[in-house]
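Worksheet for the structure shown next.
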Amino acid sequence: MAIWCARLSVDRWRLSLASEQGELDAGEGADANPVALITETAHGPRIAAINDAAREASIRAGTMLADARTLYPQIQTAPADPAGDLALLEKLAVWAQRWGPWSALDPPDGLLVDITAAAHLFGGEQRLLADVTTAFAKRKLAVRTAIAPTAGAAWALSHFGRTGAQPAIIHGQGDIMRTLIDLPVAALRLDSDVLTVLRRLGLKRLGDLADITTGAVNRSEAAARDAFHRRFRNRKSPSANPLIRLDQLLGRVPEPLLPVVAPDMPLVQRRLMEPLRHRSLLDQVLSDLAKDMARSLEGRGEGARRLELGLWRVDGEVIVRRLELAAATRDPAHITRLFEDKLEGIDAGFGIETVRLRASWAESLSHRQGDVEAAAERHGTSLSAFIDRLTVRLGPQAVRRPVPGASHLPECAQNWRPVLEPESASQNAFAFHQRPLKLLNKPERIAVLYASPDGYPQRFRWRGNVHDVARVEGPERIAPEWWRQKSTVRLRDYYRIEDAHGRRYWIYRHGVAGDGRGGAPDWFLQGLCA
């Protein structure tokens, strides 16, 4: 099944406008005026998407904004957000698994759902399509859907099939070409330059292309087919080769698709007879799923490093909670305890009807004595369990350990890694002079009010305060890493200084006067000394 969100960018913009105004239908009035979502290019703003009012004003996506204003000077504009659209499409792909076992993204505005042996659960394919349209309409999203034996045929029918004139369902593989024969060649998902070549050759419909690429009646048709094969035979990309796309559409060659949720990873779920609204019942379901996951991982000889808990609400919303572990584990009690903190304050709405636990990252974990780790857990001495609890409470970026880096530059000499991640053989520390107690995340420029030639500043301003230098130690010269950096990078001369109030700093001069690598040297403050 192909689901085409024909106005994904505009619908998302309208919904965000409605949420800002605090009214569910506030964004509906925005469709009355022509609106264009624009992206900045080297030649000026270009229209990425338009609403229906702009389409009626003869404005088209892909044109420059300046050209569109000549047709309709009062057109309203808003910045396009392709990253936000893709994030919404990923959420919709996960949500669309209510109609099939797995789904895949079809960027920039489509989804593909495998509904093999699932249509009867909804009363047939027609009722399934009606359910999809209704569900998206409740989310204020306009979609066009189609069902076909192949992904290419379903995509072509959803994008180019005429509403009401052609069926939205193709039942058998032999009916694909009979149903799609009058569609334009753009239904093959080809690049724009390939479509231009086909139009110049007089091939405008799928039927025209099928007549050439299949059997020939006479010698002239055979010669035309051979010439067509020679023109495109060196193009290996499916979107640049109409022969590959046509074979994929007809089911002659397989088309690989990447599911949004990998189906081969350990996954356990519960489809509940009655929706859950109470936390105690949800904890019981979570405990059962953790035990099922432990048995699944044990059968594979693996342990989970990253777990995802998905909660499908009755109203269609999907709540996802992720958990990343410090070490591979398949202890159900430990998994349950960590997720309990993640579920605090969760909104069940009208109830949760499906709960799914998936291990998106698993590592090999051999069998070992359980009583040793269990004893460590009871006495609170298990390092991995302790790190997991800290990570859940403080966040994944708050629990890290410093490791030395193979660099003599101060900002690169130390990196932060997960606590239990083994060090690589290349992480060797360099022998340094004494370093400050605290390094700034980024060196801050200081305004030097007075400096001796080729020496240290005797007075400087930092963060609005003027400091007089009382004592100084240095310099320590650090040259650029010529094997990593450009040859125009300037060297640094570091000084440890103390001001009149006893505060100590670590500053450096970036460059030397007359080095031929820039103008006057700049001064920066990088650390605070004890």
Side-chain angles (χ1 to χ4, degrees), residues 40 42 83 394-530:
E40 295 294 336
L394 305 178
Q397 299 300 325
V399 185
R400 292 288 188 266
R401 67 184 179 95
V403 295
S407 175
H408 62 264
L409 297 179
E411 60 270 20
C412 302
Q414 178 177 287
N415 300 313
W416 293 94
R417 293 288 185 270
V419 178
L420 298 182
E421 180 179 298
E423 296 185 18
S424 62
S426 61
Q427 292 177 344
N428 297 320
F430 282 91
F432 293 118
H433 295 282
Q434 187 178 2
R435 287 290 178 256
L437 182 63
K438 179 180 179 180
L439 286 179
L440 302 181
N441 292 333
K442 185 178 180 181
E444 297 183 10
R445 187 186 297 271
I446 58 177
V448 174
L449 304 182
Y450 177 76
S452 60
D454 295 332
Y456 58 88
Q458 299 182 8
R459 180 180 299 171
F460 66 92
R461 179 186 291 114
W462 177 57
R463 294 184 178 179
N465 297 322
V466 177
H467 303 267
D468 292 323
V469 179
R471 296 180 178 86
V472 63
E473 177 184 336
E476 175 191 352
R477 174 160 294 184
I478 298 180
E481 296 179 338
W482 55 266
W483 60 95
R484 294 176 179 171
Q485 299 175 298
K486 297 181 179 179
S487 59
T488 56
V489 177
R490 312 182 79 173
L491 55 81
R492 306 176 186 178
D493 282 338
Y494 280 86
Y495 297 89
R496 298 170 60 87
I497 62 174
E498 180 180 331
D499 64 6
H501 299 281
R503 293 184 291 260
R504 299 178 180 180
Y505 308 93
W506 201 44
I507 66 174
Y508 69 88
R509 180 180 60 233
H510 190 220
V512 178
D515 59 1
R517 298 184 178 182
D522 295 321
W523 288 89
F524 293 88
L525 189 148
Q526 192 169 5
L528 304 177
C529 303

Could you check if a side-chain atom of [X] sits within less than 4.5 angstrom of a side-chain atom of [Y], using non-hydrogen atoms only?
{"X": "Asp499", "Y": "Val469", "value": "no"}
{"X": "Glu444", "Y": "Ile507", "value": "no"}
{"X": "Pro480", "Y": "Leu491", "value": "yes"}
{"X": "Pro443", "Y": "Tyr508", "value": "yes"}
{"X": "Val466", "Y": "Phe460", "value": "no"}

Calculate, to the nearest 0.5 Å, the distance between atoms [atom1] and [atom2] belonging to [X] and [Y] respectively.
{"X": "Arg445", "Y": "His510", "atom1": "CZ", "atom2": "NE2", "result": "9.5 Å"}
{"X": "Leu440", "Y": "Leu528", "atom1": "CG", "atom2": "CG", "result": "5.5 Å"}
{"X": "Tyr505", "Y": "Trp462", "atom1": "OH", "atom2": "CH2", "result": "6.0 Å"}
{"X": "Arg463", "Y": "Leu525", "atom1": "CZ", "atom2": "CG", "result": "8.0 Å"}

Residue pair [X] / [Y]: nearest heavy atoms and the distance that separates them:
{"X": "Ile446", "Y": "Phe524", "result": "CG1-N, 4.0 Å"}
{"X": "Leu394", "Y": "Ala398", "result": "O-CB, 3.5 Å"}
{"X": "Arg490", "Y": "Gly519", "result": "NH2-O, 3.1 Å"}
{"X": "Pro521", "Y": "Arg509", "result": "CB-CG, 3.6 Å"}

Side-chain (Arg471) to main-chain (Ile497) donor-acceptor, under 3.5 angstrom: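 Not at all, since once roles are kept as given, no pair shorter than 3.5 Å links the two residues.
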CG/Asn465: more than 12 non-hydrogen atoms of other groups inside 6.0 Å: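 Counting neighbours around CG of Asn465, more than 12 heavy atoms of other residues, nucleotides or ligands fall under 6.0 Å, so yes.
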Heavy atoms of other groups near Arg504 CZ, more than 12 under 6.0 Å: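 No - once you tally the heavy atoms of other residues, nucleotides and ligands closer than 6.0 Å, there are 12 at most.
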Exercise: do Gln526 and Tyr494 side chains pair donor with acceptor under 3.5 Å: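 Per modelled atom types, Gln526 and Tyr494 side chains form a pair under 3.5 Å.
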Residue of the set His501, Arg459, Arg503 for which side chain to side chain contact (heavy atoms under 4.5 Å, CB included) holds with His467: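 Of all the options given, the one that passes is Arg503.
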Salt bridge Arg492-Glu476, side-chain N to carboxylate O under 4.0 Å: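 The answer is no: the pair does not qualify as a salt bridge.
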